[in-house]
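Both counts, for ligands and for their atoms, begin at 1 and track the order of listing. When a residue number appears, it is its place in the shown sequence, counting from 1.
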Amino acid sequence: MNDTRKYLPQALVIEKDIVNTPLYKIIRAKFKNCEIEVVDRASTRNDVKSGKRNILILARQRGPFLRMCPGTKRHICCLYYNLDIAQGCNLSCSYCILQGYIENSQVTFYCNLDDMYKELDLKLENSRRFYRIGTGELSDSLTFDEITQYGPGLVSYFADKSNAILELKTKSCEIKNLRDLKHNRRTVVSWSLNSEIIAAREESHAPTIKERLLAAKEIQSYGYRLGFHFDPMIYYDDWESDYRRVVDMLFSTIRPENIAWISLGALRYPIAFDQVIRDNYPDTDIVRGELLPGIDLKMRYFQPLRIALFSSMYKWIESYSKDVFVYLCMESDAVWRKAFGWSPGRNAVLAKLLDDRVKN
Ligand code: SF4
């Protein structure tokens, strides 16, 4: 990783009641020279007194760590659980939904991990259902792992769970902490992919697609299952040749039998978020596409464009392997049928298909 991608906060805001946690001590030791401000309770909109803006907040998670993905109205959802251990990200993707409600320059790490593991124990020990749980909703799962070391603890925790699997979703190459762990194939390490040109333009602080795939290849050699998420796919003139090329790169790097799933999703965001992207990324073209408000009041590409994106990807992936499970994120039954020729029809059916990929 080159230095421009290295995360270096200008200041730390620390909540008083986490200073005795082991994670606080680990992180504090890494940023010995940072200005610090100790507060009773941090707010994600807090600026430190100095007015510095690149702030790392070390806080207590006061709400539940585990939340079911809210999905989106009248679309098929995979019944996924998010584990909120961090909030904010240093990769600055132009389409990132986080910029709608978190200061771009602020990152929060939750340090009360004992509470998190207690909550997970309670949930998993008292339930007969299967859980797919990921940390990549409010942050990138691995981009900060060198600092937080969240990865090894979580991978080890899930290694002996029979009714749950952990998914670490990332665009980063921060995988060295995952080496030599006893994971028992209970962790799926997933990469978000895009066409190379979109990655360069819209995910400019993240590693290139080639770098991500090389990291995925390394993770494959550690015996983990892998996932890939082409999300958000962007519609532009050369999308067909560019996305096809990434599918080719993927299958020339990763063995299909190690892929737990591949998801596809097209650009979508709440209507009010349109202006936030325009303000933060005035040069981006993504908001100038053929986007219309959908039934869930999110801006989406006109349905035939989404079907064209998904059906082509499905066909290209199938040409490499018919056994790789491909699914759509937040799409309607009609789009599933038109793009793939079938649909799970209901949330529970899609969830079971995904669970079955990783249960054994
Ligand atoms: S990697 Fe994910 S969380 Fe980070 S900026 Fe990009 S979209 Fe947002």
Side-chain angles (χ1 to χ4, degrees), residues 1-2 4-9 44 53-57 67 69-70 72 80 82-110 133-148 150-151 167-175 188-213 215-216 219 226-234 246 263-270 273-274 276-281 283-287 298-300 329-330:
M1 175 176 283
N2 67 38
T4 56
R5 292 190 206 136
K6 211 168 163 67
Y7 177 64
L8 275 180
T44 49
R53 295 194 38 78
N54 190 5
I55 297 163
L56 172 60
I57 299 171
R67 289 176 308 112
C69 174
T72 194
Y80 192 79
N82 296 311
L83 188 68
D84 296 336
I85 50 175
Q87 189 170 293
C89 184
N90 60 341
L91 298 180
S92 304
C93 305
S94 64
Y95 52 76
C96 180
I97 195 78
L98 297 179
Q99 62 194 306
Y101 55 101
I102 301 174
E103 278 289 328
N104 260 348
S105 51
Q106 298 188 352
V107 171
T108 303
F109 298 148
Y110 295 113
I133 297 174
T135 56
E137 170 76 2
L138 297 181
S139 184
D140 179 286
S141 294
L142 291 174
T143 185
F144 298 119
D145 211 56
E146 193 195 344
I147 302 165
T148 61
Y150 284 141
E167 184 176 26
L168 299 173
K169 276 190 202 171
T170 190
K171 291 189 180 92
S172 83
C173 299
E174 281 294 336
I175 55 166
V188 177
V189 189
S190 295
W191 270 267
S192 299
L193 298 178
N194 222 306
S195 76
E196 289 179 286
I197 189 102
I198 294 297
R201 275 194 215 145
E202 311 297 339
E203 303 166 351
S204 58
H205 288 51
T208 64
I209 297 299
K210 279 198 189 95
E211 289 171 317
R212 292 178 215 177
L213 287 173
I219 277 291
L226 294 117
F228 296 95
H229 301 283
F230 286 85
D231 197 354
M233 293 186 70
I234 308 285
V246 178
S263 79
L264 309 177
L267 181 66
R268 59 201 175 277
Y269 51 81
F273 186 65
D274 191 88
V276 177
I277 301 181
R278 287 172 196 267
D279 291 346
N280 289 344
Y281 296 92
D283 296 331
T284 184
D285 286 332
I286 61 169
V287 286
K298 284 190 178 145
M299 301 294 281
R300 289 165 182 263
C329 184
M330 295 195 217

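Minimum heavy-atom separation, Thr135 to Ser141: OG1-OG, 2.7 Å.
The closest protein non-hydrogen atom to atom 8 (Fe) of ligand 1 is Cys96 SG, 2.3 Å. Protein heavy atom in closest approach to atom 4 (Fe) of ligand 1: Cys89 SG, 2.3 Å. Given atom 2 (Fe) of ligand 1, the protein heavy atom at minimum distance is Lys171 NZ, 3.7 Å.
If you look at Leu98 next to ligand 1, the close heavy atoms, those under 4.0 Å, all belong to the side chain. Within the 4.0 Å heavy-atom criterion, neither part of Ala206 lies near ligand 1.
Taking only non-hydrogen atoms, the option from Ser141, Ser192, Pro232, Cys93 nearest to atom 5 (S) of ligand 1 is Cys93.
The ligand atoms of ligand 1 that sit less than 4.0 angstrom from a heavy atom of Ser92 are 5 (S).
The main-chain N or O of Leu8 is found under 3.5 Å from a side-chain atom of Asn54 such that the two form a donor-acceptor pair. Side chain of Asn82 to main chain of Asp84: no donor-acceptor pair is present (N/O by atom type, distance under 3.5 Å, no hydrogens or angles). Remark: side-chain polar atoms of Thr170 are not paired, donor with acceptor, to backbone N or O of Asp140 under 3.5 angstrom.
Judged by distance alone, the side chains of Tyr269 and Asp274 do bring a donor and an acceptor atom under 3.5 Å apart. Side chain to side chain, Glu167 and Tyr80 meet the donor-acceptor criterion of an N or O pair below 3.5 Å.
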